[in-house]
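Read through the structure below, which is laid out as structure tokens, and then see the notes.
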Amino acid sequence: MIRINPALPHKPRVSVLVIYTGGTLGMVYDRPSGQLVPFNFEQVLDRVPEIHRLDFEIDLITLPDIIDSSNMNPTVWTELARLIQQHYTTYDSFVILHGTDTMAYTASALSFMLCNLHKPVILTGAQLPIGVARTDARENFITALEIAAAVDTDGLPMVPEVCVYFNSALLRGNRSTKQESVHFNAFHSENYPHLALAGVRIEYNRPFIRAYEPDRDLSVHTTLDPNVAILKLFPGITEPVVRAILDMPGLHGVVLETFGAGNAPTASWFLDALKRANDRGVVLFNVSQCEGGRVTQGQYQTSTRMNEIGVVSGADITTEAAITKLMFLLAQEPDPARLRQRLAEPICGEMSL
Ligand code: ASP
């Protein structure tokens with residue numbers, strides 16, 4: 001661990017722990033190959049001298065393996081959750097520097113794993129490395145730190161939840177999706193308003209931010225069930241493709257990416273495959289391919305059968321939140337009926353009913 005900014009003696013102490021996982025933000029161009037590769041963040045910090053002007057204490061931990069977030073996985077999520085648990089009483093808030101590609105998955109997973117969180121955990125990253133002149137990394141990093149350290153007039157944290165901050169917008173982590181790989185507005189939350197917008201001032205959208213509930217202690221769940229899959233439907237999908245996934249031995253849960261308001265083919269081979277999987281105990285979770293709107297099972301004939309089979313409606317959840325919620329609940333909830341019930345209800349603001 002290194003100390004970036006010491007506590008100022010004349011100010012009340014606000015402390016932020018920065019956890020660096022990798023991603024474009026801290027990458028450099030490898031000269032021979034011209035490819036972007038992860039770099040030692042302690043050296044990267046020299047590129048952000050503004051950080052020393054922030055009037056709170058900032059410490060930095062770098063994960064042992066810094067990665068492109070395409071290599072992110074549940075083991076690293078567990079490592080992150082444990083780090084936050086270990087340092088929870090020492091720091092007021094946490095900033096996680098992360099690659100953009102899977103940031104929405106990590107934010108979703110952590111939102112479930114960090115139960116009863118009442119401190120900010122802000123994920124951010126960048127589309128351009130911090131050493132590049134036009135980088136978005138500096139603004140994203142500095143503002144994420146300011147949001148993490150922000151308190152209201154009672155001294156309570158402004159955003160006691162897992163969030164993604166990117167390109168001026170603070171989003172609920174488990175509502176965010178990466179929508180853009182070229183422009184700076186990489187993240188988006190179609191079904192839930194932003195939690196804050198950073199312009200000249202940072203304007204917080206208070207009614208949409210989770211309430212601060214200090215009475216319930218943080219409980220960290222570090223087990224996730226990786227035996228899950230995503231089955232994205234398309235017109236013309238064949239029986240062998242569907243069966244290859246749904247009949248897979250050892251499978252415990254599937255996010256079904258359906259059309260529109262949760263619709264799927266009515267061909268008997270398709271419905272039979274769903275029923276066989278469901279009867280075998282595989283949990284089927286219906287999420288729409290449309291970013292906006294919601295699954296309404298039973299609105300059309302094409303989704304009514306899914307209700308009868310026992311497919312759980314994902315309402316307006318994102319795929320990222322759906323797959324991580326499935327991993328989380330499959331590991332936490334031994335009772336199949338209760339598991340399906342919890343899947344259909346919001347746990348930490350990831351869906352609206
Ligand atoms: N491939 C990079 C990553 O996700 C992209 C980025 O950080 O923007 O780690």
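Each ligand, and each atom within it, is numbered from 1 in the order the structure gives.
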Under 6.0 Å between ring centres, would you say that holds for Phe328 and His221?
-> yes
Only pairs at least two apart or in different chains count here, so list each salt bridge (charged side-chain N to carboxylate O under 4.0 Å, His left out) that has a residue in residues 279-289.
-> Lys275-Asp279
Considering only heavy atoms from C-beta outward, does the side chain of Val162 approach that of Leu123 to under 4.5 Å?
-> yes
Would you kindly check if the NZ (Lys) or CZ (Arg) of Lys119 is within the cone defined by 45 degrees around the ring axis of Tyr88 and under 6.0 Å from the six-membered ring centre?
-> yes
With side chains defined as the heavy atoms from C-beta onward, is the minimum distance between Tyr105 and Ser108 less than 4.5 Å?
-> no
Anything with a heavy atom under 4.0 Å from ligand 1 counts, so go ahead and list those protein residues by chain and number.
-> Gly23, Thr24, Asp68, Ser69, Gly99, Thr100, Asp101, Ala126, Gln127
How long is the gap from CG on Asn140 to CD1 on Ile122, to the nearest 0.5 Å?
-> 12.5 Å
